[in-house]
Engineer: 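My questions will all concern the structure given below.
Here is how names work: the chains are called A, B, and so on, in the same order as the sequence lines, proteins then strands, and each is numbered from 1. Keep in mind that the numbers below use all heavy atoms, side chains included, and drop hydrogens, waters and symmetry copies.
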Number of protein chains: 2
Amino acid sequence: MAAEYCKDVPTARNRGDEPATGVRQRTRRAVLDAALSLWSRDFSAPLGDIADRAQVSRSTLHRYFPDRQALVDAALVDAIETIERVSEKATANCATAAEELDALMRAMVDVGDLILFLFSDTDRFTGNPHWDSDDEDEQELATLITRAQQEGALADDVAPDWAVGCFYSLVFAAASSISAGTLPRHRAADLAVRTFLHGLANR
Amino acid sequence: MAAEYCKDVPTARNRGDEPATGVRQRTRRAVLDAALSLWSRDFSAPLGDIADRAQVSRSTLHRYFPDRQALVDAALVDAIETIERVSEKATANCATAAEELDALMRAMVDVGDLILFLFSDTDRFTGNPHWDSDDEDEQELATLITRAQQEGALADDVAPDWAVGCFYSLVFAAASSISAGTLPRHRAADLAVRTFLHGLANR
DNA sequence: CGATAATGACACACCACTGTCCCATTTTGT
DNA sequence: ACAAAATGGGACAGTGGTGTGTCATTATCG
């Protein structure tokens, strides 16, 4: 018999990248959300659990994402896209670098699950072709921090690498507090911003 | 035939809790260290990998820890014990609460792998009978923070819960930087302490 | 040296997750 | 109402981690 079998339905690659009309786009989104939601807490969560969370059969999940790796990749790019979109929107009209850091951190806290997914296990995506997109973001954050140092908002003698790691860690902490119900969202964001800006400010 | 079979050798429970002479104690330690080292980065690491890291056959590993859960429990209590011991030693002769926080954070950074193991996945040990021991530590840290607030070293309007989470997050960040080779140990510890104390200080 | 302790190397059976395939059923759009 | 699209629900084999057990070999200690 012939070589390629058209499986049963889509996979988004079986069709010529048409915008993925209504239904398909929605279930795809549901699966991605479920994956991000579960994998942000436990990356070893099986596909069956994700399908359940997405209220979809495992069959359907496999139709959209042939294997686990495909879903991982898709979740990765989706998370990065969302973060970039949210970040850009949040820092649209900021005067100073400090303001920008403030807004950026609050935006990150709002999508804390994605941060957890991306950074809770550093070498989870090493070697993934899509991971580069995020390196750019980190670089962008590093330059933003340098700018804040030049403006005097942050101390000069702080290693930018530390500032970046510190930034994400505090977002992480805030997101954890929120998801654990320890602190209300706005309060957690306030504290994270305050801790970051004061902690790295000039003495 | 009788009920219980003595397996092949120890398990530490088959014998009457004698101090576990030389060899046994050493291999047990090697396995625990391997488990903590691997699980601190990837909790789904299989027992075979741990046995390899400990330079021990999987058979031997199972002789010391009958099943995965037993090793998890043992690693948990061992990590907690180490942390408590190190903490106590570090904060032995501190005058102020701020000094104590400083020393405590540096001590935590030194055993960063254990912190990663314990806190990288919050609900990893929920329901574990041995997990309580650590709750006490967190409580102790909370009271220490309250004391620092009374002494004026930390701001009053900071929620103790946040301070605790923030404390561990910064330790986490420092440990990550060190293990990634981004920063030398002492530098990372300095920055973490500085960020914490300044970040939560009065304005 | 000799007895016991400790280990290594396998061979299994078991189970959960994965990926594939098929077919019946429901939903969507015309 | 009708055809195509989308889904659900299985059955199935492959795979990797786990736990148990046996036996031969090595290390340790009296």
Engineer: Leu61(A) CG to dG19(C) C1': how many Å, rounded?
Structural biologist: 12 Å

Engineer: Relative to each other, are the rings of Trp39(B) and Phe117(B) parallel, tilted or perpendicular (30° and 60° limits)?
Structural biologist: parallel

Engineer: Which sits closer to the 5' end of DNA chain D, Thr60(A) or Pro46(B), going by the nucleotide each is nearest to?
Structural biologist: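 Counting from the 5' end, the first nearest nucleotide belongs to Thr60(A).
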
Engineer: Please determine, for the side chain of Val56(B), which listed nucleotide (dT20(C), dT20(D), dG8(C)) has the closest atom?
Structural biologist: dG8(C)

Engineer: Under 4.0 Å between any heavy atoms, over every strand shown, what does Gln55(B) touch: base, sugar-phosphate, or nothing? Just pick one.
Structural biologist: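 Sugar-phosphate contact only.
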
Engineer: Whole angstrom is fine here: how far is it from CZ in Arg58(A) over to P in dG8(D)?
Structural biologist: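 For the pair Arg58(A) CZ and dG8(D) P, the rounded distance is 13 Å.
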
Engineer: Check the distance between dG19(C)'s C1' and Arg63(A)'s CZ and give it to me in whole angstrom.
Structural biologist: 13 Å

Engineer: Under a 4.0 Å N-O cut-off, is there an ion pair linking Asp102(B) with Arg106(B)?
Structural biologist: yes

Engineer: Just the rounded figure in Å: distance from P of dT7(C) to CZ of Arg24(B).
Structural biologist: 8 Å

Engineer: What is the distance, to the nearest angstrom, from the CD atom on Gln25(B) to the P atom on dT28(D)?
Structural biologist: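 After rounding, the reported distance stands at 15 Å.
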
Engineer: What verdict does the side-chain contact (heavy atoms from CB on, under 4.5 Å) test give for Trp162(B) and Thr195(A), after you've listed the backbone C-alpha separation in whole Å, the side-chain angles of each residue and the deciding distance to 0.1 Å?
Structural biologist: CA-CA 10 Å; Trp162(B) 167 255; Thr195(A) 306; 3.1 Å; yes

Engineer: Taking the side chain of Leu47(A) as heavy atoms from C-beta outward, which of dT18(C), dT18(D), dT7(D) is closest to it?
Structural biologist: dT18(C)

Engineer: Rounded to the Å, how far apart are Asp49(B) CG and dG17(D) P?
Structural biologist: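 The answer, rounded to whole Å, is 7 Å.
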
Engineer: Under 4.0 Å between a side-chain nitrogen and a carboxylate oxygen: does that hold for Arg28(A) and Asp33(A)?
Structural biologist: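 Salt bridge absent between Arg28(A) and Asp33(A).
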
Engineer: Between atom CD1 in Ile50(B) and atom P in dG16(D), what is the gap in whole Å?
Structural biologist: 19 Å

Engineer: Tyr64(B) side chain N/O closer than 4.0 Å to the phosphate oxygens (OP1, OP2) of dA6(C)?
Structural biologist: no

Engineer: Between Thr27(A) and dT7(D), is there a side-chain N or O to OP1/OP2 distance below 4.0 Å?
Structural biologist: yes

Engineer: Could you give the CZ-to-P distance, from Phe65(A) to dT18(C), as a whole number of Å?
Structural biologist: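 Those two atoms, CZ and P, are 15 Å apart.
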
Engineer: What is the nucleic acid contact for Arg68(B), judged by heavy atoms within less than 4.0 Å: base, sugar-phosphate only, or nothing?
Structural biologist: sugar-phosphate

Engineer: Taking donor-acceptor contacts at under 3.5 Å, does the side chain of Ser57(B) reach the base of dA9(C)?
Structural biologist: no

Engineer: Are the charged groups of Arg58(B) and Asp52(B) less than 4.0 angstrom apart, N to O?
Structural biologist: no

